[in-house]
Amino acid sequence: MKNRLLSLFFPLLFPLLVVAQERVDFNVVPQPRQVVNQKGAPLYLSDLVAITCEGGEDMRRNASFLAEYVKTAIGKTLPVTEGKVKGAVVALKLDKKMAGEETYRIAVSQKGIVISGASPKGVFQGVQTLRKAMPVDAKGDVVAPAVVVDDNPRFSYRGMHLDVSRHFFGVDFVKQYIDMLALHHINVFHFHITDDQGWRVEIKKYPKLTEVGAWRRRTVVGRNTGLYEYKTYGGYYTQEQVRDIVEYARERYITVIPEIDMPGHMEAALASYPELGCTKGPYEVEPNWGVFDDILCAGRDGTFDFVEGVLDEIIQLFPSEYIHIGGDEAPRTRWKACPDCQQRIRQEGLRDVDGKTAEDRLQGYFMKRVEKYLNSKGRKAIGWDELLDCDVNPSTTIMSWRGVEGGQVASQKGHDVIMVPTAWFYFDYYQVSEDEWHKPLLIGGYVPLEKVYSFEPAPETLTAEQKSHVIGLQANLWTEYVYAEELAQYQVLPRMGALSEVQWVLPEKKDYAKYKERQARLNRLYDTMGWKYCKAEF
């Protein structure tokens with residue numbers, strides 16, 4: 001009490017007087033754009049009496065989230081109200097003068113804390129920053145110095161991917177994963193829900209996709225050893241569950257973008273409906289990992305009827321502007337031998353030109369036809385960078401995974417680009433290089449924390465116009481060898497923190513040593529949440 005009284009009259013002595021107290025510290029991940037200390041006495045969080053909000057349902061939900069975070073941090077329950085309250089409050093407000101829907105400001109004074117944003121989404125980002133600034137599981141009074149934080153993100157698209165096809169994760173874990181994204185200011189969840197090893201979403205028009213395609217009768221042991229565990233494995237999300245996941249993400253201002261990979265990576269669909277393949281089977285839900293010759297037949301109109309029927313239901317389930325249609329790792333082996341595909345090639349006048357085969361151009365025909373259908377429904381297509389080999393339309397957004405070169409070429413051709421280069425952002429790769437016996441079995445590769453942090457999505461080799469096409473970046477978690485929830489957590493944390501800095505922070509503001517100090521603080525919050533993470537760098 002003596003220190004508190006003194007600090008009211010001698011604010012200049014504040015740093016000396018609160019050494020023994022826990023402090024609110026805005027050195028968080030990702031680093032805010034500007035933090036400016038102010039004159040005046042500090043705020044003691046024990047003096048807060050309520051959280052107030054204005055602006056409707058979204059703002060009330062933001063306030064409720066903050067109330068949960070405050071209770072976790074300092075053990076104090078703050079009521080949420082839209083009315084005026086006497087005393088110190090945390091006030092959530094909209095400020096239409098701010099530019100950018102995710103821009104926010106946090107102003108702390110002895111009178112309370114004001115979090116203002118251009119939209120509820122901006123206020124939510126401010127709430128997450130305050131959450132991370134508070135000490136974890138405080139044991140005593142918490143003091144917040146007078147400060148103003150001004151912040152906004154570098155990129156509008158800040159994504160994180162999860163593959164649930166190789167190994168399936170239930171709704172509760174998917175929601176926990178979304179919570180991880182929200183904590184790191186990530187606003188896009190790339191939901192990889194179909195592949196050779198399992199079809200994970202209910203499609204009512206095609207019930208066999210989940211009756212058959214969601215289950216494999218055996219799974220390879222290790223790295224394609226030829227040895228198998230003969231045990232039925234699988235699972236899928238009902239449409240009701242998908243809507244629940246999408247709504248859960250929406251409440252946290254995260255867009256869920258589904259991926260229905262085509263024409264390759266479709267063996268689960270072929271096992272369900274063999275007539276969709278060039279050879280008509282028999283097929284099985286794939287027990288191995290890798291790339292396989294059996295893909296959708298591009299020569300039959302029935303294939304496109306199937307694709308459009310699936311997309312009709314996907315569009316109803318996912319309100320996202322984008323639908324990811326894959327386009328990667330589609331061997332031409334079956335198409336070269338398929339009479340229907342060769343007939344399609346002749347009908348469309350496709351030729352071997354400029355090092356591209358007629359079958360390469362057939363995939364371009366396939367993907368452009370699917371994109372045109374999506375466009376007719378008011379949606380846009382994203383695909384992997386193999387689409388650059390297929391002469392797809394510039395309106396297709398390219399996700400560059402095989403390196404940075406694909407993204408650079410795509411931006412030069414006028415495509416919007418999302419950078420996902422394997423060497424920096426494949427989080428199924430190892431985080432530690434030592435060949436230790438206790439490391440989990442993973443696919444291989446090595447992507448340490450510092451390398452994630454080092455990436456520059458818009459290099460100086462691009463012109464200003466080309467840089468404008470780089471709309472963001474994301475990291476991917478493929479799950480061939482990631483079979484358990486704790487392992488999934490361990491693979492993405494703490495690298496998700498480094499990812500969020502690259503997504504959010506201007507390059508001239510980045511400093512790896514200082515980032516690691518801030519990440520160490522964030523790791524303590526992971527501990528509180530019970531999340532597993534790699535501690536090799538700490």
For Lys451, does the NZ atom have more than 12 heavy-atom neighbours from other residues, nucleotides or ligands under 6.0 Å away?
yes

Think Lys516 forms a cation-pi with Phe538, using NZ or CZ under 6.0 Å from the six-ring centre and within 45 degrees of its axis?
yes

Ion pair Arg154/Glu456, N-O distance below 4.0 Å
yes

Any chance you could measure Leu45, atom CG, to Ile74, atom CD1, to the nearest 0.5 Å?
5.0 Å

So, Phe427 versus Tyr490, ring centres under 6.0 angstrom or not?
no

Hey, would you say the Tyr446 and Tyr430 ring centroids sit under 6.0 Å apart?
no

Test: Arg158 and Glu102 ion pair at under 4.0 Å:
yes

With sequence neighbours excluded, residues passing ring-ring contact (aromatic ring centres under 6.0 Å, His included) with Phe189:
Tyr177, Phe191

Any donor-acceptor pair under 3.5 Å from Asp25 side chain to Asn27 backbone:
yes

Assess whether a salt bridge exists between Lys121 and Glu101, defined as any Lys/Arg side-chain N lying under 4.0 Å from an Asp/Glu carboxylate O.
yes

Are Glu371 and Lys368 ion-paired here, with the side-chain N under 4.0 Å from a carboxylate O?
no

For the OG1 atom of Thr255 and the CG atom of Leu181, what is their distance to the nearest 0.5 Å?
11.0 Å

Residue of the set Tyr453, Tyr526, Tyr512, Tyr533 for which side-chain hydrogen bond (donor to acceptor under 3.5 Å, both in side chains) holds with Gln519
Tyr526

Asp151 and Tyr104 side chains, donor-acceptor separation under 3.5 Å:
yes

Between Asp137 and Lys139, does any side-chain N to carboxylate O distance fall below 4.0 Å?
yes

Between Asp179 and Arg252, is the closest basic N to carboxylate O distance under 4.0 Å?
yes

Report yes or no: does Asp163 contribute a side-chain atom to a donor-acceptor pair with the main-chain N or O of Ser165 at less than 3.5 Å?
yes

Per side-chain hydrogen bond (donor to acceptor under 3.5 Å, both in side chains), Glu259 is matched among His265, His161, His190 by His190

Salt-bridge test for Lys509 and Glu501: reply yes if a basic N is under 4.0 Å from a carboxylate O, no otherwise.
no

Check whether any side-chain N or O of Arg524 sits under 3.5 Å from a backbone N or O of Val136 as a donor-acceptor pair, and report yes or no.
no

For Lys356 and Asp391, what are the C-alpha separation, side-chain angles and deciding distance, and is it a salt bridge (Lys or Arg N to Asp or Glu O under 4.0 Å)?
CA-CA 10 Å; Lys356 303 292 193 303; Asp391 299 324; over 6 Å; no

May I ask you to check whether over 12 heavy atoms, not counting those of Lys111, lie within 6.0 Å of atom NZ?
no

Under the 3.5 angstrom rule, does the side chain of His415 hit a backbone N or O of Thr396 as a donor-acceptor pair?
yes

So, does Lys132 use its side chain to make a donor-acceptor pair with the main chain of Leu183 at under 3.5 Å?
yes

Look up atom CD in Gln125 and atom CG in Asn62, then write down how far apart they are to the nearest 0.5 Å.
9.5 Å

Backbone of Val420 reached by a side-chain donor or acceptor of Gln474 within 3.5 Å:
no

Any donor and acceptor pair, going by atom type alone, linking the side chain of Tyr483 with main-chain N or O of His167 inside 3.5 Å?
no

Looking at Gln38 and Val36, would you say the former's side chain and the latter's main chain have a donor-acceptor pair under 3.5 Å?
yes

Could you tell me whether the side chains of Glu386 and Trp401 share a donor-acceptor contact shorter than 3.5 Å?
yes

